Amino acid sequence: GINERTFLAIKPDGCQRRLVGEIIRRFERKGFHLVAMKMMQASETLLKEHYLALRDKPFYGRLVKYMSSGPVVAMVWQGLNVVKTARVMLGETNPADSLPGTIRGDFCVDISRNVIHGSDSFESAQREISLWFQPEELVCWQGASESWIYE
Ligand SMILES: Nc1ncnc2c1ncn2[C@@H]1O[C@H](COP(=O)(O)OP(=O)(O)OP(=O)(O)O)[C@@H](O)[C@H]1O
């Protein structure tokens, strides 16, 4: 939709490698609106809930441990078709399948150190935003003045 929102999180490897500015820059230049952001140490409780759908995977325990091993930058971005477009900008889950020009295609090689998370559907985005943020942490971006993006 026109003003849909997605949840992105720069993972501990992305933060450690100083990729935060580069990643924000890509989404800003694309034309999306940053409506919430915080650097935080995510708890295992939060991460287990976040990755609930993967709880039967053999890498689940390692994934949760890794994601809680250092700070992450949690963000909400808003704009036209942002859920799908952000996934395209991220690349594939496995960096080896990610084209150059995507974040994972440009900045990583290892599936368990793939720099960034992005919601995979509108429903996941809504679930993840409410899991990671309080409603009052999101600013209200007024989509009515869409024209300034392209000036
Ligand atoms: N085979 C694997 N081995 C190790 N880690 C994996 C593997 N598959 C997935 N992961 C990790 O689990 C995360 C979530 O996996 P999922 O299948 O939901 O992929 P995704 O939706 O592309 O990733 P994300 O949710 O981080 O955007 C991946 O980003 C990756 O870090």
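Note that the numbering runs from 1 along the sequence shown for the chain. Counting convention: from 1, in listed order, for ligands and their atoms alike. These numbers come from a predicted model, not from an experiment.
A salt bridge does not link Lys84 with Asp120: none of the charged nitrogens is closer than 4.0 Å to a carboxylate oxygen. Here Glu123 does not pair with Arg127 in a salt bridge; the nearest charged N to carboxylate O distance is not below 4.0 Å.
The single protein non-hydrogen atom nearest to atom 26 (O) of ligand 1 is Lys11 NZ, 3.0 Å, given as residue, atom name and distance. For atom 12 (O) of ligand 1, the closest heavy atom belonging to the protein is Leu63 CD2, 3.4 Å. Distance from atom 24 (P) of ligand 1 to its nearest protein heavy atom, with residue and atom name: His117 ND1, 3.0 Å. For atom 9 (C) of ligand 1, the closest non-hydrogen atom on the protein side is Phe59 CZ, 3.4 Å.
Close contacts of ligand 1 with Tyr51, meaning ligand atoms under 4.0 Å from a residue heavy atom, involve 14 (C), 26 (O). Against a heavy-atom cut-off of under 4.0 Å, Arg87 is close to the following atoms of ligand 1: 20 (P), 21 (O), 22 (O), 27 (O). In the vicinity of Arg104, heavy-atom distances shorter than 4.0 Å reach the ligand 1 atoms 22 (O), 23 (O), 24 (P), 26 (O), 27 (O), 29 (O). Interface of Asn114 with ligand 1, defined as ligand atoms under 4.0 Å from a residue heavy atom, comprises 28 (C), 29 (O), 30 (C), 31 (O).
Below 3.5 Å of separation, one finds an N or O of Ile111 facing an N or O of ligand 1. Residue Thr93 has at least one N or O atom closer than 3.5 Å to an N or O atom of ligand 1. The shortest N or O to N or O distance between Gly118 and ligand 1 is under 3.5 Å.
A donor atom on one side chain and an acceptor atom on the other are not found under 3.5 Å apart for Asn81 and Thr85. Using a 3.5 Å distance cut-off with no hydrogens or angles, the side chains of Glu128 and Ser119 do pair a donor with an acceptor.
In this structure, the side chains of Cys108 and Arg113 stay at 4.5 Å or more apart for every pair of heavy atoms. With a 4.5 Å cut-off on side-chain heavy atoms, Ser112 and Leu63 do not count as touching. Taking the side chain as every heavy atom from C-beta outward, Arg5 and Gln126 never approach each other to under 4.5 Å.
The part of Leu54 lying near ligand 1 is the side chain, judged by heavy-atom distances below 4.0 Å.
Not close to ligand 1: Lys57, with no non-hydrogen atom less than 4.0 angstrom away.
Asp106 places a side-chain N or O within donor-acceptor distance of the main-chain N or O of Gly101, the cut-off being under 3.5 Å. Counting only distance, with no hydrogens or angles, the side chain of Arg104 and the backbone of Ile116 share a donor-acceptor pair below 3.5 Å.
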